[in-house]
Every structure is written in structure tokens, then in C-alpha cells.
Amino acid sequence: MSVVCRFAPSPTGFLHIGGARTALFNWLFARHYGGKFLLRIEDTDRTRSTPEAVEAIFDGLRWLELHWDGEATFQFARASRHAETARKLLAEGKAYRCYCTPEELEAMRAKAKAEGRSMRYDGTWRERDPGEAPPGVQPAIRIKAPQHGVTVIRDRVQGNVTIANEQLDDMVLLRADGTPTYMLSVVVDDYDMGVTHVIRGDDHLNNAARQMQLILALGWPVPEYAHIPLIHGPDGAKLSKRHGALGVDAYREMGYLPEAVRNYLLRLGWAHGDDEIISTAQAIEWFDLEGVGRSPSRFDFAKLANLNGHYIRLTDDTRLVDLAAARLETALAAPVDEDGRRRLLKGMPGLKQRAKTLVELAEIARFYVHRRPIPLDDAAIRQLDGEGRDRLATLLDMLSAVGDWRAAALETAVRGLAESGGVKLGQLAQPLRAALTGGTTSPPIFDVVEVLGREETLGRIKDILNRR
RNA sequence: GUCCCCGUCGUCUAGAGGCCUAGGACUCCGCUCUUUCAAGGCGGCAACACGGGUUCGAAUCCCGUCGGGGACGCCA
């Protein structure tokens, strides 16, 4: 059987990290089985849906490289098809018109709460003669759901979940204004799109039972369900704006690589033995619903950062240069010129193993592209007081005479100078580092000297010596 | 409140009755490498929620308790 999955977000905000994981699992599952991964925008709530949110979802998915097959489906555009389905059920006697007013429903809800029951529509109009309908009231259409027995959800992650039909009421299919509800739309769209596997957050587990009743009433095949646990915040509660339920764009902003985010999200709630670093190709090969756990997991930035550092180290230097340069141009409010890019590329091997995010990468790479004179931080200034400055002067003389401007030769020369002067290498290296990078930490200093080149190196040293 | 789900180191997890003196990863702490900071290598701290069963034997099965989460809309 061929597999058809779908990711169906509602465009009421950004694509948050939980949604991203749901999309990832669907995508992985579809790719693993050589099936389709469809995207459906559930925009039936006209007051809350925005075009910006739709774009944010597209952008987020594209950034994560979770490409969907075909064109995205917009649910609202299919409203007439949904309504038609509801009327079909009405004609078959599997649904009925309900003339209750919002006030009556509110009273029903209050009563149920007072009696300690869960709120369920009491079926007032289920058997009542439509002739008794109050004049001028537009009816909603409700499904005539089974009142006894149980509905069993066969779930690939949760196992068999049994819900007593008494727990479920006659849900509204079509609102009084003729618009379809979510329950109806989802069922009809999944059927029309040929969805075989519904993989979504387990906050929909209860809905699955209701949707099954609808599907059964329609005589359609029930898809395979897989309700995956939600991602929680550090406090254990459902991820919300309160604790940084950020859009995936925020993760991009913070300097995470899409492959790192994918790897991290994959390991949240899914495992393949002790494997931690899993390439996307490997993930496609290994992924299946059996490996999905049933308990909710908490989001941990430290582990994401660790993974991100790993992927940065694996990333091709030229791609890293592009990424870092873009951030530097913003930070320095100036374009990174040819010289700057050349230095970034040459220095990247030393840079990339020192950064956990692209933000850090840009920060530590900054000195390579900053124009003279470069800014000094406090620790660097301390290195360049008195003694340090004197040593720098000695270094300038010696370096001016070096012919072979390569790290190894440079190091030999400086080591020789240290030895003859009776000082430790660090006593020369640190002032030099301060002068060249403006700070006290950097990639190996002789690599820095080589990358900067003779002219720039000597220039930066002179800048320090000439400070008043 | 009602219904549903969950409960292994701080976090993510391995574990499908003996292989568990419970493994890996992140974090943290040492040591090592070293011109700085990293990365790397080595080592350490740290968990089966609790109580009953079942069994020769339970982290694994059953029941209960406690704890956590989710769902209860003419929202999606």
C-alpha cells in the first residue's frame, strides 16, 4: 500500500517547534515508505488565519528542508465540498438539525459542570420534530453519533485506545452560518486527499474518536493513526509562548543549522538504540512509528547547541563563510569585501570548531573582517599595558624580518625570540593575540598571523604601538 | 470535575522477564592535549515515582496510590 501523509497546521501564528517536529515525522515517514507528504493549511477560522502566518509556515518548512509534494491545499477553499458532505449525511438521516441557541448551550455547559460531568450536548434536537423549530433560528447540523458501545482507536504509537461512546456527543458538522467545523473538514479533506496515515500531536487523540464516528457514518476507510506526544517546556507544561514557544524562524535567527534542528527534533521522542548523530539520509532509512515513545519530552537548548556545534564542524567552509559574512555585514553595518571573505575562508577551519551557533561564529570571526584599527576589549587592553606593549615592539621588529609567512615558520621564529629573551611563549603570544584579534581568545595565533598576512599583521601591531 | 495518556540519571533516551552491579548522549566536575579559547581523548557525579501482587527471577507483566500532561467549543 502506498503511504500518504499530511501536515495540517492552522495559520494562526508562526510554525512553532512542536509543529515542526510533527511535520518532520510525517515527512520522514513518507520518505521512508516512498510515499507522499502533503501540506494542508487549515484556514477555516477566518478571524484568526492570516496570510503572514501561511507564509511563515511555508518559510519554516522550506528552511527545514521539509519539502511537501504538490501544491498546498487550503481548507477554506473546500468549504462547499465539506458542506455538501454534511447535507448528504442529513439526507441519509445520519445527521440532524439543531436549533439550540448559544445561550441554551451555555446553560447546558454550566449545568454539566455543576453536576461534575463533562460537557456534552444533550441531544435535544436529535429526535425532536423539526416542525417545533423556533422561527427565525438558523440551525446547525449535528452528527447522529452512536450513544452506546465504544470507539476503539487503533493507534500506532498509543496502542489501542478505547473511548466509551457515552463520552462523545453529537458534534456540530455545519455551523448555523453554513460554514463547516474543523472535525468535518479534516475528515473530508483527509479522505479526498487520500491520506493513509494521520501522524499528529496527541492533543488530537480524543478528536480521533469523534472523527472515526464521522468516517464510519460516511462509510469511508479509517486511516492509520499515530498520535505523537507533545513537546513540553522546561517546566513540563505544554510549550507555549510563555516559555519561548518560538517559531522556527527564531531558531534560524539564533544561528542553528536546519540539519541540527532536524537531528535534535528527531531524537525528541524517537530513538534508534544509542544513536545520537543521525544524518537525514540515515533517518529516512531508519524512521518508523515503532520507535516513537509515548511520554512527552522537554525541550533542551543545551543539547541542541551541542548538536549544532557538531554540524557546524561538519559544514563546508564556503557555506559557513556565506552564513557568517551575512551576519557580519549586519553587525558591522558594512559589506564584507574580497579580502574579508578570503580571510574568513582561510581561517574557517580554526573558527568553526569554536562555535556552537552561527551567532557565535560571526562573533569570533569578526576580527578577521574588521578594518583597522580594530576595537580592543578590556582583557586585551590589559595584555597591552607596559610589558606586553614592549614585547609587542620586539615582536614587530622580528616579524618585519620574517621571510616565510607561514604559521609553522612564524611559530619557530617567535619561539626562538621567546627563548633568547628568556620569556615563555605565552608572554609573547598573548600580547600578539590581543593586538591582532582585539581579545584574549582566538584560534591558534600563528594561524591567525598567517591568515591576516604580513601587511595587516604589522599594521595592527603598529596601531597598538602608536596608541597614545 | 469527567475522560484519555504518561512516569528509567537534572534533560533526551536504551531497555520488550534472567544479558542490568541499569547502557548511551547532553549538562556539570576532574585529568589530558596546549600560546589563549575551543574541539578531541580519558575519567567521575547522577535514575528504574511509591506500595502491593504474579514469577525460581521484574525497570520490564497485573492492581492500587501518588505525580505530571492532554482533551472536554457552532476554535483548530
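To find a chain, count down the sequence lines: A is the first, B the second, and so on, and within it residues start at 1.
Atom name C1', nucleotides B:C74 and B:U65: the rounded distance is 41 Å, in whole Å. Distance noted for atom P between B:G70 and B:C62: 25 Å (whole Å). B:G17 and B:U60 have their C1' atoms separated by 7 Å, given to the nearest Å. Taking the C1' atoms as reference points, B:C28 lies 38 Å from B:G64, given to the whole Å. Rounded to whole Å, the P atom of B:G67 lies 35 Å from the corresponding atom of B:A25. To the nearest whole angstrom, the two C1' atoms, one in B:C29 and one in B:G68, are 31 Å apart. Taking atom P on both nucleotides, B:A22 is separated from B:C45 by 11 Å, rounded to a whole Å.
Within 4.0 Å of A:His227, counting heavy atoms only, lies no atom of the nucleic acid at all. Residue contacts shown for A:Leu268 are limited to sugar-phosphate atoms, with no base heavy atom under 4.0 Å away. Contacts of A:Ser442 with the nucleic acid, taken as non-hydrogen atoms under 4.0 Å apart, include base atoms. Counting non-hydrogen atoms under 4.0 angstrom, A:Ser49 reaches nothing in the nucleic acid. A:Asp275 comes within contact range of no nucleotide atom at all, as no heavy-atom separation falls under 4.0 Å. Across all strands shown, A:Ala176 has heavy atoms under 4.0 Å from base atoms, whether or not it also approaches the sugar-phosphate. Counting non-hydrogen atoms under 4.0 angstrom, A:Thr441 reaches a base of the nucleic acid. Note on A:Phe299: nothing from the nucleic acid sits closer than 4.0 angstrom, heavy atoms only.
For the pair A:Arg298 CZ and B:C12 C1', the computed distance is 11 Å after rounding to whole Å. For the pair A:Glu411 CD and B:U36 C1', the computed distance is 13 Å after rounding to whole Å. Distance A:Arg40 CZ to B:A76 C1': 11 Å, rounded to the nearest Å. For the pair A:Phe7 CZ and B:A76 P, the interatomic distance rounds to 17 Å; values are reported in whole Å. Regarding A:Leu168, its CG atom lies at a distance of 12 Å from the P atom of B:G73, rounded to whole Å. Atom CZ in A:Arg415 sits roughly 10 Å away from atom P in B:U36 (whole-Å rounding). If you take CG of A:Leu428 and P of B:U35, they are 13 Å apart, rounded to a whole angstrom. Rounded to whole angstrom, the span from the CD1 atom of A:Ile312 across to the P atom of B:G40 amounts to 13 Å.
The phosphate of B:G69 has neither OP1 nor OP2 within less than 4.0 Å of any side-chain N or O from A:Arg294. Side-chain nitrogen and oxygen atoms of A:Ser297 include none within less than 4.0 Å of the OP1 or OP2 phosphate oxygen of B:U11. Remark: A:Arg175 is in phosphate contact with B:C75, judged by side-chain N or O atoms under 4.0 Å from OP1 or OP2. Neither OP1 nor OP2 of B:U36 sits under 4.0 Å from any side-chain N or O of A:Thr440.
Distances were taken from every side-chain heavy atom of A:His204 (C-beta onward) to each of B:C4, B:A76, B:G70; the shortest belongs to B:A76. Checked against B:C6, B:A76, B:G40, the side chain of A:Thr181 finds its nearest nucleotide in B:A76. Set against B:C74, B:C4, B:U35, the side chain of A:Leu425 has B:U35 as its closest nucleotide. The A:Asp45 side chain lies nearest to B:A76 when the options are B:C6, B:A76, B:U36. For A:Ile163, taking side-chain heavy atoms from C-beta onward, the closest of the listed nucleotides B:C75, B:C12, B:C4 is B:C4. For A:Tyr182, the listed nucleotide lying nearest its side chain is B:A76; candidates were B:U35, B:C12, B:A76.
For B:C37, the base has a donor-acceptor partner in the side chain of A:Arg354 [N/O atoms by modelled type, under 3.5 angstrom]. Judged by distance alone with a 3.5 Å cut-off, no donor-acceptor contact links the side chain of A:Arg142 to the base of B:C74.
For B:U2, the paired base is B:A71 (Watson-Crick or G-U wobble, both distances below 3.5 Å). Across all strands shown, B:G7 pairs with B:C66; the Watson-Crick or G-U wobble distances both stay below 3.5 Å. Pairing for B:C42 goes to B:G30, judged as Watson-Crick or G-U wobble with the two contacts each under 3.5 Å. Pair assignment for B:U55: none, as no Watson-Crick or G-U wobble contacts are both less than 3.5 Å.
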Exercise for review: Applying side chain to side chain donor-acceptor pair (under 3.5 Å), run through A:Asn165 and A:Gln147 and close with a yes or a no.
Suggested key: CA-CA 6 Å; A:Asn165 287 336; A:Gln147 294 173 306; over 6 Å; no
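Distance check, rounded to the nearest 0.5 Å: OG1 of A:Thr44 to CZ of A:Arg175 gives 6.0 Å.
Note on residues 405-423 of chain A: pairs passing salt bridge (charged side-chain N to carboxylate O under 4.0 Å, His left out), not counting sequence neighbours, are A:Asp404-A:Arg406, A:Glu411-A:Arg415.
Not counting sequence neighbours, the partners of A:Tyr264 by the ring pair (Phe, Tyr, Trp, His ring centres under 6.0 Å) test are A:Phe299. Not counting sequence neighbours, the partners of A:Gln430 by the side-chain contact (heavy atoms from CB on, under 4.5 Å) test are A:Gln383, A:Arg433, A:Thr440. With sequence neighbours left out, A:Phe74 forms a ring pair (Phe, Tyr, Trp, His ring centres under 6.0 Å) with no residue at all. Taking the salt bridge (charged side-chain N to carboxylate O under 4.0 Å, His left out) definition, one finds that A:Arg6 meets it with A:Asp190, sequence neighbours left out. Every residue two or more places apart in sequence or in another chain that forms a ring pair (Phe, Tyr, Trp, His ring centres under 6.0 Å) with A:Tyr182 is listed here: A:His204. With sequence neighbours left out, the ring pair (Phe, Tyr, Trp, His ring centres under 6.0 Å) criterion links A:Phe76 to no other residue.
For the pair A:Gly291 and A:Pro9, nearest-nucleotide mapping onto RNA chain B gives the more 5' position to A:Gly291. In terms of position on RNA chain B, the residue among A:Asn206 and A:Gln353 whose nearest nucleotide sits closer to the 5' end is A:Gln353.
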Short N/O separations, protein against nucleotides 44-51 of chain B, under 3.5 angstrom:
none

Review item, nucleotides 25-31 of chain B N/O atoms under 3.5 Å of protein N/O:
unit_1	atom_1	unit_2	atom_2	d
B:A25	O4'	A:Glu276	OE2	3.4
B:A25	N3	A:Lys303	NZ	3.1
B:C26	O3'	A:Asn306	ND2	3.4
B:C26	O2'	A:Lys303	N	3.4

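Checked for salt-bridge contact, A:Glu290 and A:Arg156 meet the test: a charged N lies under 4.0 Å from a carboxylate O.
By the 30° and 60° cut-offs, the orientation of the rings of A:Phe287 relative to A:Phe29 is perpendicular.
For the pair A:Phe367 and A:Val448, the minimum side-chain heavy-atom distance is below 4.5 Å.
Proximity of the aromatic rings of A:Phe446 and A:Trp405 is defined here by a centroid distance below 6.0 angstrom, and this criterion is not met.
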